[in-house]
Amino acid sequence: MSPSYPQGISSSAQVLERIRQCAASVTRYPLDILTAEASLEDELGIDSVKLAEIAAVVAREFNLSADRLPRGAKARTLGAIAEGVASLLAESAPVVAAPSMEASAVAPGASGAARGQASVAAPLPVAPRSVAPPVASEATPRAAAPSVGVASAASMDLESKVRAVFARVTRYPEELLTPDADLEDELGIDSVKQAEVVAVLIKELGWEVGAKPSQRLRTLSAICEAIRAQQGTAPEPRPAVEQAPVRAASPSRSQPPLPFEGKVALVTGSGKGIGKVIAMRLASAGATVVVNSFHSRDDGERTAQEILAAGGKALHLWGSVAHEEHLERLFSAIGERLGGLDFLVCNASNGLIGPFDRIAPRDWDKAFRTCVTGTYECAMRARPLMARRGGGAIVTMSTSMSQRYMHDLGCQGVVKAAVESLTRYLAAELAPEGIRTNCVSAGPVHGELLGMFPEAPARVARWEAATPGGQLCTADDVADVTELLLGSRTQRVNGAIWVVDGGLSGTVDGLLPVRPARVHGHDDRALLALDA
């Protein structure tokens, strides 16, 4: 017989809620988009690495073995995962009667949902947590333990602060960050991420020297000891914000205003690659830049931090241009927090790189929904934000192969041709509001994308040989033209497609490849997802 739960809450509903909390702790996504039916990969952009992290947290949450959790097609949504977990719990544990007050205590490390429900709902039928010590009460005799003095309390406070910094930077649940866990071998926190944490600790805790080059601080405990040792001999900590003396500049030497000072720019898909270079370029020109990313959330946040560290103005807003609810949240935030929008660069892209006969209907749908529908929806939402500021400028992104043939670029080439047509329509439709729309059509650009092509080194060499001047473009070349099209020197340019490919599209030799031999049954396609 199934157990009954107060307030009509079923066990499946409770399982789902706790799993949603687990997913939120790993991804930092808002709970309202972590619905039971949303596809974790296609709709929410949660890749296989993050899915594995969620599975690990769910396993700990319910004290289950990770290899028993639903996988593959059975774990495409949180609802499917919840059903599988509920089934495992029903098989492995007896039904528990309504708990006493002591039994309803929540063990340390339980999810936020579990804490919130402990006093109103019976616990789920799960095995006891072996990793959580019992909660001591006044009636429970304690083992002989030393009294906590001032120094010990300070030590615990430092450890808590260090753990909180690690949790914020790495997005790990705090219960995993135990004092003696090996940061790299047990927790998988590599040296780059550790350096990020140390930088934050130096800034927030006044750790003046950081780790010495000869030191390898393998645990949180070791880091705390290093901080204590430094603070024990350090002078009084300086104020958190130290004002530099302000010197009055001579009027004759005053700096001219930056060209985009006071402007607000949104660059979609700007966590990495060309989008990142454009975002940083606009920030260096004085604009407040909204960095947007979806699949590469960490990269997006890092890009915004790099802009801030360089003295620019930026914020990161997560979301996919292919999903309406994400766009609604994104543009609402821009309107509320920044008051309007001046520039929009539609850089987010998605499309298959691979043989033309391997393009599936799903691939066409994802590419069109991101590149064409996403560009259209961004422009329509930017329209009122730009109109309230007297106008603005939009730049869409295409490929010069939209008007030529290139092997393995069929999906991108066809969809980007639609983007170019859309650009012309947007230019005509939005002109009455003082909004210009142009397109940058880039050829092969040195960077991560070129490596996604089959036989990439040979192709790059062939393209370079076919390009007048012998050099392919860089992301900076694309950013140069994008910045120009957004600026005041192109006020009478509207509906134009500017090709940036070093002249490659004007040649033939580099575009008609010798087709590689096909191995029967081998799928050599690669998925391009710049950042939908």
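Cys378 and Thr268 make their closest contact through SG-CG2, 4.2 Å (heavy atoms, listed as atom of the first residue, atom of the second, distance). Pairing each heavy atom of Val415 with each of Cys371, the nearest pair is CG1-CB, 3.4 Å. Scanning all heavy atoms of the two residues, the minimum distance from Leu341 to Ala382 falls at CD2-CB, 3.8 Å. For the pair Cys224 and Glu159, the tightest heavy-atom approach, listed with the atom from each and the gap, is SG-CA, 3.7 Å. Scanning both residues, Ile33 and Leu44, for their nearest heavy atoms gives O-CD2, 3.7 Å. The shortest non-hydrogen separation linking Met397 to Cys346 is CG-O, 3.3 Å.
Electrostatic pairing of Arg329 and Glu325 does not count as a salt bridge here, judged by no charged N lying under 4.0 Å from a carboxylate O. In summary, Arg302 and Asp299 engage in a salt bridge, as defined by a charged side-chain N under 4.0 Å from a carboxylate O. The residues Asp157 and Lys161 are annotated as salt-bridged, a charged nitrogen and a carboxylate oxygen being separated by less than 4.0 angstrom.
For the pair Arg218/Leu183, no side-chain contact is recorded, criterion being any heavy-atom separation below 4.5 Å from C-beta on. Within the 4.5 Å cutoff, no side-chain heavy atoms of Glu61 are placed close to those of Gln21. For the pair Val15 and Phe62, the minimum side-chain heavy-atom distance is below 4.5 Å. With contacts defined as side-chain heavy-atom distances shorter than 4.5 Å, the pair Thr178/Leu220 does not qualify. At a threshold of 4.5 Å between non-hydrogen side-chain atoms, the residues Glu377 and Val321 do not count as touching. Two residues are said to be in side-chain contact when any heavy atoms from C-beta on lie closer than 4.5 Å; Ile81 and Leu69 fail this criterion.
Counting heavy-atom neighbours within 6.0 Å of Arg168 CZ, excluding the residue itself, gives a total above 12. Atom CZ of Phe368 sits in a sparse spot, with 12 or fewer heavy atoms from other residues, nucleotides or ligands closer than 6.0 Å.
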Quiz prompt | Pair Val289-Leu315, side chain to side chain contact (heavy atoms under 4.5 Å, CB included): steps then yes or no | solution = CA-CA 7 Å; Val289 178; Leu315 73 153; over 6 Å; no

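Taking the ring-ring contact (aromatic ring centres under 6.0 Å, His included) definition, one finds that Phe343 meets it with Phe260, sequence neighbours left out. When the side chain to side chain contact (heavy atoms under 4.5 Å, CB included) test is applied to Glu83, no partner is found at least two apart in sequence or on another chain. Residues that satisfy the salt bridge (charged side-chain N to carboxylate O under 4.0 Å, His left out) test with Lys276, not counting sequence neighbours, are Glu306. For Thr396, the side chain to side chain donor-acceptor pair (under 3.5 Å) partners at least two apart in sequence or on another chain are Thr423. Residues passing the side chain to side chain donor-acceptor pair (under 3.5 Å) test with Thr303: none are found, sequence neighbours excluded. Checked against ring-ring contact (aromatic ring centres under 6.0 Å, His included), Tyr29 has the following partners two or more places apart in sequence or in another chain: Trp318.
At distances below 3.5 Å, not a single donor-acceptor pair connects side-chain atoms of Asn350 with backbone N or O atoms of Thr370.
Of the residues Val162, Val165, Ile223, the one that meets the side chain to side chain contact (heavy atoms under 4.5 Å, CB included) test with Val197 is Val165.
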